[in-house]
Amino acid sequence: MKPSPHHPMKSTEGMVDYDRNSAAQQQMVNTQSGRMRELVGSLSPAGPEMTVVDYGCGPGSSAIEAVRPSIEASRAHFPELPVSVVHMDQPGNDWNALFQLVFGSFGYRGGSDDIRTAAAVGTFYSQMMPASSVDMATCFAASHWLSQTVSVKAPGSIWFADLQGEARQTVWDQAVRDWSTLLRHRATEIRKGGYLLVGTLGSVPDETEINGTAASGRGIYRAIQVVAQSMAEDGLINPDVLDRFVFALWFMTEEEARTPLEEDGQLAAAFDIEEISVTPAPGNNRDVFGAYLADPDDYAKRYRGYIRAFADSTLRKQLFEPGVSSVADVDALADTFFNRLEELYRTQTDKYAFELWHLLVILKKK
Ligand SMILES: C[S@@+](CC[C@H](N)C(=O)[O-])C[C@H]1O[C@@H](n2cnc3c(N)ncnc32)[C@H](O)[C@@H]1O
């Protein structure tokens with residue numbers, strides 16, 4: 001099965017069973033709740049509405065918690081302004097699941113007629129909102145996904161952090177181009193005085209790593225590498241396809257996130273930098289699921305669920321589909337892959353622990 005040339009592959013589509021397996025993303029959103037309230041409280045909105053947009057919202061409860069603080073702060077500080085909430089994501093997002101949550105008992109719409117809810121469907125690498133219309137923009141756990149898949153010859157490495165030479169440069173060129181593009185479009189959409197808050201996975205300097213940085217999730221991606229390699233060795237996936245496969249993402253260091261904002265004249269003129277930081281995630285940032293280590297079965301299942309939620313669609317499209325002839329074959333390969341991954345975590349437990357650093361970027365539109 002090959003991707004159609006008329007439908008170029010997106011880097012993500014259809015996260016699997018997202019709400020149950022997104023504790024790390026939910027924590028990232030909740031960590032910024034006070035900050036979002038503070039930022040909205042400090043706005044001088046021009047009206048006629050307070051427009052709040054969450055880019056890359058996903059289908060789960062984190063999409064509610066990403067906008068709730070802004071709604072509440074707006075009501076507290078600007079009670080006369082109706083609030084317009086826009087959830088933005090790709091066509092493959094589970095929009096039904098999202099809007100059931102929005103209008104459900106834990107949503108923000110229960111009995112509120114002074115809030116408008118809308119979806120913006122497309123890519124955040126293009127303009128998604130009218131110019132100068134957004135007061136508060138957020139983007140959680142999404143901006144690390146590149147605008148398109150990247151094919152580089154990189155045997156032994158399935159992600160950016162272990163790439164070297166030309167292959168690493170190719171992926172970085174795409175990553176920095178995408179970051180600048182995302183920022184440029186938000187610069188158009190956000191009103192003067194409005195805010196953009198981006199929170200995602202980051203990287204920190206680490207001299208022991210081949211590229212001098214430790215990237216969030218390095219254990220996870222190396223576990224994926226080990227399992228993919230074992231399947232190639234057993235003749236289950238094509239070794240040539242594996243050699244060219246890399247996840248289309250980049251977890252930036254503070255410096256990587258900052259440089260375009262300082263050196264690109266258009267971006268420097270558009271935004272004041274309020275904060276750019278990479279910090280250990282609250283809790284056990286050396287093993288996000290460390291609390292479950294005493295029970296290897298539970299520990300392994302949690303890793304399986306978490307990894308499957310973000311990686312299933314990418315692995316299917318880029319690694320399993322090329323070379324097989326039916327959906328059933330792809331399903332069988334995916335099952336084998338995740339069974340092996342679970343077994344790896346059950347037997348090796350924290351060798352492949354999920355380490356997590358949060359990258360936070362807060363910008364104010366000039
Ligand atoms: C890991 S989920 C995060 C969802 C949610 N913001 C959260 O924090 O739980 C990543 C989301 O980013 C979306 N995404 C990835 N690339 C995107 C793009 N180019 N434009 C819009 N959304 C994108 C995916 O569809 C997915 O819903």
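Atoms within a ligand are numbered from 1 in the order they appear, just like the ligands themselves.
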Inset, instruction - Using the test side chain to side chain contact (heavy atoms under 4.5 Å, CB included), find all partners of Arg116 that sit at least two apart in sequence or belong to another chain. - result: Glu49, Ser84
Legend entry - Contacts of type side chain to side chain contact (heavy atoms under 4.5 Å, CB included), residue Gln164, not counting sequence neighbours: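 If we apply the side chain to side chain contact (heavy atoms under 4.5 Å, CB included) test to Gln164, skipping adjacent residues, the hits are Ile210, Asn211.
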Legend entry - Contact (N/O only, under 3.5 Å) between Gly56 and ligand 1: yes
Inset, instruction - Decide whether an N or O pair under 3.5 Å exists between Phe140 and ligand 1. - result: yes
Legend entry - Note, Phe140 side chain near Leu197 side chain (heavy atom, < 4.5 Å): yes
Which of the numbered atoms in ligand 1 are below 4.0 angstrom from a heavy atom of [X]?
| X | answer |
| --- | --- |
| Cys57 | 4 (C), 5 (C), 6 (N) |
| Ser62 | 5 (C), 7 (C), 8 (O), 9 (O) |
| Gln25 | 1 (C), 7 (C), 8 (O), 9 (O) |
| Gly58 | 4 (C), 27 (O) |

Please determine whether a side-chain nitrogen of the Lys or Arg among [X] and [Y] lies less than 4.0 Å from a carboxylate oxygen of the Asp or Glu.
| X | Y | result |
| --- | --- | --- |
| Asp297 | Lys301 | no |
| Glu189 | Arg186 | yes |
| Arg184 | Asp264 | yes |

Legend entry - Per atom 17 (C) of ligand 1, closest listed option by heavy atom (Trp145, Tyr55, Phe124, Tyr125):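 Checking each option, the heavy atom nearest atom 17 (C) of ligand 1 is found in Phe124.
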Legend entry - Closest to atom 24 (C) of ligand 1 among Thr181, Leu201, Thr138, Asp89 (heavy-atom distance):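 Minimum heavy-atom distance to atom 24 (C) of ligand 1 goes to Asp89.
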Inset, instruction - Please state whether Gly60 comes within less than 4.0 angstrom of ligand 1, counting heavy atoms only. - result: no
Inset, instruction - Determine whether the side chain, the backbone, both or neither of Met88 has a heavy atom under 4.0 Å from any heavy atom of ligand 1. - result: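 Side chain only; the backbone of Met88 stays clear of ligand 1.
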Legend entry - Reference residue Asp272; test salt bridge (charged side-chain N to carboxylate O under 4.0 Å, His left out); the match among Lys192, Lys366, Lys364: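 When salt bridge (charged side-chain N to carboxylate O under 4.0 Å, His left out) is applied between Asp272 and each of Lys192, Lys366, Lys364, only Lys366 qualifies.
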